[in-house]
J.: 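Dropping the structure in here first, questions after.
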There are 2 protein chains.
Amino acid sequence: MDIWKRFGEKEISHSMAHYLQAVAALKAEKGHARVGDIADHLGVSKSGVTSMLRSLERHGLVRHERYGCVELTSVGAGLATRTESSRRVLTMFLTDILGVPDAIASEDACMIEHLVSSEVSVELLRLTTFLRSQHPVARQFRDAYRTSPRACAAHAAGASGSPDTCGVCADTCLHDSLICDLGVAAART
Amino acid sequence: MDIWKRFGEKEISHSMAHYLQAVAALKAEKGHARVGDIADHLGVSKSGVTSMLRSLERHGLVRHERYGCVELTSVGAGLATRTESSRRVLTMFLTDILGVPDAIASEDACMIEHLVSSEVSVELLRLTTFLRSQHPVARQFRDAYRTSPRACAAHAAGASGSPDTCGVCADTCLHDSLICDLGVAAART
DNA sequence: TAAGAATGTTAAGGTAGCTTAACATAAAGA
DNA sequence: TCTTTATGTTAAGCTACCTTAACATTCTTA
């Protein structure tokens, strides 16, 4: 049970992913990426950028010489592209298939874009493409799903929760536990 | 464009989420959670547990007195349950709907369980429940989806990639960019 | 071409989350 | 009770990522 510890061992951190994407975006937008541009783009200080660039350079993801422009290595560029693609797929899945509001979809996608394996991203792309398509089954799905119950079917039925009928929730209703109001903000103050 | 910075402002961090789940699991399993148990369960040092408990106490998520047992507050317990539920829903979606291998599904779910909003978790539960159900449309979906093409349909067609036909990929094929071999490990050594 | 503005780096410091080593407390047994 | 063992805490130090303040370099322009 040690998977959780590998969080810090991912190929790139959340910050690194966004620095790489910033460099790629600036390069595409204005032809070059400089420390100040990156700082503005990400809303961090220039000194923070300098030190992150040192770290990215150590990881072989960018090239940067003192007072010069920043370039992505091929590995860095690949990572930037993959993260960006992952974010796009996630966002589209969350909005178009799950029907979550744009703001929430964007935020969730931003948080997890760099943590989702390429296997999952690819399958998510496949599912999203399929369910958005003109395939007759996809059309039927969209019609039927719109009216599908919001909560776990077995428990939503109200009938003293016969758990066996719900393979997802098993013995406890996941729906309720997912939406409980935690009031963490209040606890902090 | 500052969503990305709120990564560190989530109600709980990855580590905190797993500490809370560990306490809940130990409490359920042996009736109490002590520092050593938590350390063993998570594979960290006891001193690390002590200091994390101080932090969790500051956040109002646990109660802990010197040399005593650890208790979850109601907020902490709610957070533990929600994270656990989120993980279960994610894992089931990834394995049963997307068809990703168990090991990858577990790892991805572990990484993002605490980062996914409850809105998304709830909708994911609804979708998973529906697609696993005996609803005729769900059955048809399972039959049809099994043979659905693995790549973005428009690009997979091979035909000089007419992008307009693929609403997901737009101008660049996301499928290819998601699976590129990055060789980051190699770059590190 | 020298002054001033724009840009970039270094230095020092803060939080989070981990480590090991040394120390403190509690529990058990002779 | 007194000692041994189990358990928990403190101290010091590490990396990552951010900050501000001070300093260095480069660009621009008069």
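A, B, ... follow the sequence lines: proteins, then strands. Residue 1 opens every chain.
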J.: Hey, what do you get for CG (A:Leu131) to OG (B:Ser148), rounding to the nearest 0.5 Å?
T.: 9.0 Å
J.: Quick check for you: name the first and last nucleotides of DNA chain D, 5' to 3', having an atom under 4.0 Å from a heavy atom of chain B.
T.: D:dT7 to D:dT19
J.: State, without any angle test, whether B:His18 and B:Glu113 hold a side-chain donor-acceptor pair at a distance under 3.5 Å.
T.: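 Yes, side-chain donor-acceptor contact under 3.5 Å.
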J.: Assess whether a salt bridge exists between A:Glu57 and A:Arg54, defined as any Lys/Arg side-chain N lying under 4.0 Å from an Asp/Glu carboxylate O.
T.: no
J.: Stepwise, does the side-chain contact (heavy atoms from CB on, under 4.5 Å) test hold for A:Arg58 with A:Ser55?
T.: CA-CA 5 Å; A:Arg58 270 204 308 277; A:Ser55 169; 3.8 Å; yes
J.: Under the ring pair (Phe, Tyr, Trp, His ring centres under 6.0 Å) rule, collect the residues that match up with B:His135, sequence neighbours excluded.
T.: B:Phe130
J.: Would you indicate what B:His18 reaches in the nucleic acid, counting non-hydrogen atoms under 4.0 angstrom: base, sugar-phosphate, or nothing?
T.: nothing
J.: Enumerate donor-acceptor pairs with a distance under 3.5 Å from any side-chain N or O in residues 64-72 of chain B to protein atoms, sequence neighbours excluded.
T.:
from: B:Glu71; atom 1: OE1; to: B:Lys27; atom 2: NZ; distance (Å): 2.6
from: B:Glu71; atom 1: OE2; to: B:Lys27; atom 2: NZ; distance (Å): 3.1

J.: For A:Lys5 and for A:Thr50, locate the closest nucleotide of DNA chain C by heavy-atom distance; then report the residue assigned to the nucleotide nearer the 5' terminus.
T.: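 Nearest nucleotide further toward 5': that of A:Thr50.
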J.: Counting only heavy atoms and a strict 4.0 angstrom limit, can you tell me which residues of residues 24-36 of chain B come near DNA chain D?
T.: B:Arg34, B:Val35, B:Gly36
J.: Find every protein N or O atom lying less than 3.5 Å from an N or O atom of nucleotides 15-17 of chain C, and list the pairs.
T.:
from: C:dG17; atom 1: OP1; to: B:Ser13; atom 2: OG; distance (Å): 2.7
from: C:dG17; atom 1: O3'; to: B:Ser15; atom 2: OG; distance (Å): 3.4

J.: For the helix from C:dT1-D:dA30 to C:dA30-D:dT1, what angle lies between the axis at the first five pairs and the axis at the last five pairs, to 10 degrees?
T.: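 Inter-axis angle at the ends, rounded: 20°.
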J.: Have A:Ser13 and A:Ser15 got a donor and an acceptor in their side chains that come within less than 3.5 Å?
T.: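 A:Ser13 vs A:Ser15: no donor-acceptor pair found between side chains.
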